[in-house]
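What follows is a single structure, written as structure tokens, with notes after it.
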Amino acid sequence: MDEAERRERLGELAPEKLAELEIDDEADEHVLPDLPNAEAGEVVMRAAPNPNGPWHVGHARMPAVIGTYKERYDGEFICRFDDTDPETKRPDLDAYDAILEDIEYLGFEPDRVIRASDRLETYYDHARELIDLGGAYTCSCSGEAFSELKNAGEACPHRDKDVETVREEFAAMVDGEYGSGEMVLRVKTDIEHKNPALRDWVAFRMIDTPHPREEASEYRCWPMLDFQSGVDDHLTGVTHIIRGIDLQDSAKRQRFVYDYFGWEYPEVLHWGHVQVDEYDVKLSTSTIKELIEDGELTGWDDPRAPTIQSMRRRGIQGRALVDSMTDLGMSTSDVDLAMSSVYANNRDLVDDGANRYFLVRDREDDPAVELPIVDGDAPAPEAGHPRFHPEHPDRGEREVPAGRVVVESSDLPPEGERVWLKGYGPVRYEGDELAFLDADIEIVREGDVDVIHWAPAEEGLDTLLRTVDGDVRGIAEPALADVDPDTVVQFVRVGFARIDALDSEATDEDDGPHGSEDLVAYYAHP
RNA sequence: GCUCUGGUGGUGUAGUCCGGCCAAUCAUAUCACCCUCUCACGGUGAUGACCUGGGUUCGAAUCCCAGCCGGAGCACCA
């Protein structure tokens, strides 16, 4: 009796028990904890990426979690680009759209997309208001000088300037009359606060480098994250903020501004950093960017890169990544995401749809060997006919021409022993040929004979399989030529892969496509 | 140094607020077996964890104290 039947029986015998079971099921789907003080229809959350590059897999967590809560609470999902540093975290103009595409691939669509660099006047207005409230002062101390005073809990001489002067100096900042480092606007908090991180922090500073977006290129006076983000969260009606533990003090800093304005601070949740196993590459936009610039990686979608674009090119569905991310929960400690969990989720999603094909790999430590199939105790058929999918006979069978074939050398039995070519039949390995045998599938069922995959030597497709661990060459069966690019297939006994192209374009990579391949595929996982 | 913050199997997670139903949940991983033209899927089983030490209590993963270990902030980065 399978699960469905069991439930049906239970429904007849004890309906109330079945109802309990179903309630439990529903609870299971809520992997994430409830949001504090959340009311359906009134939850607003935002992802606030810095557009300094396309996303790595760790970035999937924010849209995954926000998107999941949005669905649960019928809330709103804002994507706000916090692009207020034209210099050290300089925005990459292509990254805005790349990030939006990454979000779409994950299966979400932001209800609103905004850019902080469009909103400078708003921040200036709030700064002026804050100055009038006596909550901010212009300061020309050097960073080091102020830091020393701050650590000693002492105010700098600028702290007591009269509002009029502050107003004028801030206007001069906005007008770009100071150079980088000459003047900042500080929020007046508590210079003796026991946590030094909260003492009179910088709200605006001067940056000489123009912003890469043309619309914002004239501005020189830029808000710091805590000011900009704090103002925007309030103005856009954000009710729940999720941020990393690196921003643990942000809420405490921003509360000073909220208090000046009489605003109510949103609920805040923090979570730890995500690391991903299986990659040598650090999960960091700038590191990946450097590797690409140095030619160590071919691009953001290099299969060896721990990026969203790479996942996508490998045929891993966004949903699989999202499920793994929500499984991570909301813990404040750092977590390691096991890629095997993403793969397990993806397998659930693609196994049923992925048709089966043969790819014989030709690796240095396990080369493909080419052998003719000859008549043995029985005449050798001209072709094999394996199913497209073991559980879907209705999808039909492929035709794999026999004659001269290739197999992976480690699959070959000892000389004189038998092996079953999947979808074709039994052969005996005779050193330089494979002799077709008069035997039926019983020899396999008895356990004496292994079943292996194979491909025709002549009609086979010269294939490049790009994997996390580097490129693998091989020969694939010709039926793959009829598969549309972007289809996810399973290479029998190898793993799932996405068909990338049916003819390759040459690259200047050491090991990349030479342009002669008939097929390029990206490996997903076993 | 100062200030936050956290520690449940290899990984993630439930349980911790309001001690007993927890000799600890679920998933993944690994191994074995079953199924199978031997991959994958599916099924069965096994492996494997409450950071340490005290205390409170009839009873502690849960409460208290100390220690150990980890992460973060103290930027004119986000």
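Order of the sequence lines sets the chain letters (A, B, ...), proteins ahead of strands, with each chain counted from 1. FYI, side chains are in, hydrogens and waters are out, and symmetry mates aren't considered; it's all heavy atoms of this structure.
- Among the heavy atoms of the strands lying under 4.0 Å from A:V184 is at least one base atom, whether or not backbone atoms are also near.
- Comparing B:rG71, B:rG73, B:rA40 against the side chain of A:H273 picks out B:rG71 as the nearest.
- Within the 4.0 angstrom heavy-atom criterion, base atoms lie near A:L247.
- Rounded to an integer number of Å, the gap from CD of A:E148 to C1' of B:rG1 is 15 Å.
- In this structure a side-chain-to-backbone donor-acceptor pair under 3.5 Å is present from A:R387 to A:P390.
- For A:L225 and B:rC76, the CG to C1' distance is 14 Å, given to the nearest whole Å.
- Although no hydrogens or angles enter the test, the distance criterion places a donor-acceptor pair under 3.5 Å between the side chain of A:Y523 and the main chain of A:V494.
- Contact between the side-chain N/O atoms of A:S147 and the OP1/OP2 oxygens of B:rA75 is found at a separation under 4.0 Å.
- Residues of residues 79-87 of chain A that place a heavy atom closer than 4.0 Å to RNA chain B, in numerical order, are A:D82, A:T84, A:D85.
- Where A:E391 and A:N195 meet RNA chain B, the nucleotide closest to each residue was compared, and A:N195 sits on the side nearer the 5' end.
- Looking at residues two or more places apart in sequence or on another chain, you find no side chain to side chain donor-acceptor pair (under 3.5 Å) involving A:N355.
- Under the 30°/60° scheme for interplanar angles, the aromatic rings of A:F170 and A:Y124 are found to stand perpendicular.
- Counting distance only, with no hydrogens placed and no angle test, the side-chain atoms of A:K422 and the base atoms of B:rC37 include no donor-acceptor pair under 3.5 Å.
- For A:D348, the side-chain atoms get nearest to B:rG42 when compared with the rest of B:rU3, B:rG42, B:rG12.
- Between the P atom of B:rA78 and the CH2 atom of A:W222 lies a distance of 10 Å, rounded to the nearest Å.
- Atom CD in A:E192 sits about 17 Å away from atom C1' in B:rC74, given to the nearest Å.
- Separating the CG atom of A:N345 from the P atom of B:rC41 is a distance of 12 Å, rounded to the nearest angstrom.
- In this structure, A:R445 reaches the sugar-phosphate backbone alone: every heavy-atom distance under 4.0 Å involves primed, P, OP1 or OP2 atoms, never a base.
- For the pair A:R205 and B:rC77, the criterion of a side-chain N or O lying under 4.0 Å from OP1 or OP2 is met.
- Counting non-hydrogen atoms under 4.0 angstrom, A:P526 reaches nothing in the nucleic acid.
- Spacing between atom CE of A:M325 and atom C1' of B:rU11 amounts to 14 Å, rounded to whole angstrom units.
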Polar pairs (N or O, both sides) under 3.5 Å between protein and nucleotides 5-7 of chain B?
{"from": "B:rU5", "atom 1": "O4'", "to": "A:Q248", "atom 2": "OE1", "distance (Å)": "3.2"}

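- The side chain of A:K194 places no N or O atom within less than 4.0 Å of a non-bridging phosphate oxygen (OP1 or OP2) of B:rC74.
- At most 12 heavy atoms of other shown residues, nucleotides or ligands fall within 6.0 angstrom of atom CD in A:E382.
- Contact annotation for A:D246: base contact, defined as any heavy-atom pair under 4.0 Å involving a base atom.
- Here, B:rA27 and B:rG45 have their P atoms 12 Å apart, quoted to the whole Å.
- Residue A:F204 is out of contact with every strand shown, counting any heavy-atom pair closer than 4.0 Å.
- Nearest heavy atom pair, residue A:E408 against residue A:L359, reads OE2-O, 3.7 Å.
- Looking at heavy-atom distances under 4.0 Å, A:G272 makes no contact with the nucleic acid at all.
- Put simply, the side chain of A:R199 gets close to the backbone of A:H193: a donor and an acceptor are under 3.5 Å apart.
- Annotation: B:rG43 and B:rC4 have their P atoms spaced 49 Å apart (nearest Å).
- Remark: the A:R356 side chain and the B:rA40 base include a donor-acceptor N/O pair separated by less than 3.5 Å.
- Base pairing in RNA chain B gives the following stems of 3 or more Watson-Crick or G-U pairs, range against range and under 3.5 Å: B:1-7 with B:68-74, B:10-12 with B:26-28, B:29-34 with B:42-47, B:51-55 with B:63-67.
- Separation of the P atoms belonging to B:rG12 and B:rA49 is 16 Å when rounded to the nearest angstrom.
- The residue A:V444 sits close to a base: some heavy atom pair falls under 4.0 Å.
- Among the protein residues, A:M224 comes within range of the sugar-phosphate backbone only, with heavy atoms under 4.0 Å from sugar or phosphate atoms but none that close to a base.
- Distance, A:N355 CG to B:rC39 C1': 14 Å, rounded to whole Å.
- OP1 or OP2 of B:rC41 sits under 4.0 Å from a side-chain N or O of A:R347.
- Distance, A:D277 CG to B:rA29 C1': 10 Å, rounded to whole Å.
- Atom CD of A:E192 has 12 or fewer neighbouring heavy atoms from other residues, nucleotides or ligands inside a 6.0 Å radius.
- Between A:D411 and A:R493 there is a salt bridge, since a side-chain N of the basic residue sits under 4.0 Å from a carboxylate O of the acidic one.
- Checked against B:rG12, B:rC41, B:rA29, the side chain of A:S340 finds its nearest nucleotide in B:rA29.
- When heavy atoms are screened at a 4.0 angstrom cut-off, A:C141 is found touching base atoms of the nucleic acid.
- If you check every strand for non-hydrogen atoms under 4.0 Å, A:I441 touches a base.
- With both ends at atom P, the span from B:rC21 to B:rG42 equals 33 Å, rounded to whole Å.
- Using P as the reference atom, B:rG9 and B:rA14 are 13 Å apart when rounded to the nearest Å.
- A distance of about 35 Å separates the C1' atoms of B:rU30 and B:rG67, rounded to the whole Å.
- Distance alone, capped at 3.5 Å, places no donor-acceptor pair between the A:W454 side chain and the A:V360 backbone.
- Here side chain to side chain donor-acceptor pair (under 3.5 Å) pairs that include residues 141-155 of chain A, with residues two or more places apart or in two chains, number zero.
- Listed by first then second residue, pairs satisfying side chain to side chain donor-acceptor pair (under 3.5 Å) with a partner in residues 202-211 of chain A read A:E87-A:T209, not counting sequence neighbours.
- Formation of a donor-acceptor pair under 3.5 Å by the A:S229 side chain with backbone atoms of A:D226 is not found in this model.
- For the P atom pair drawn from B:rC22 and B:rU13, the interatomic distance equals 22 Å after rounding to whole Å.
- No donor-acceptor pair under 3.5 Å is formed between the side chain of A:H389 and the backbone N or O of A:R356.
- Ionic pairing of A:D377 and A:R428 is not present here: no N-O contact between side-chain nitrogen and carboxylate oxygen is shorter than 4.0 angstrom.
- Taking the C1' atoms as reference points, B:rA23 lies 12 Å from B:rC50, given to the whole Å.
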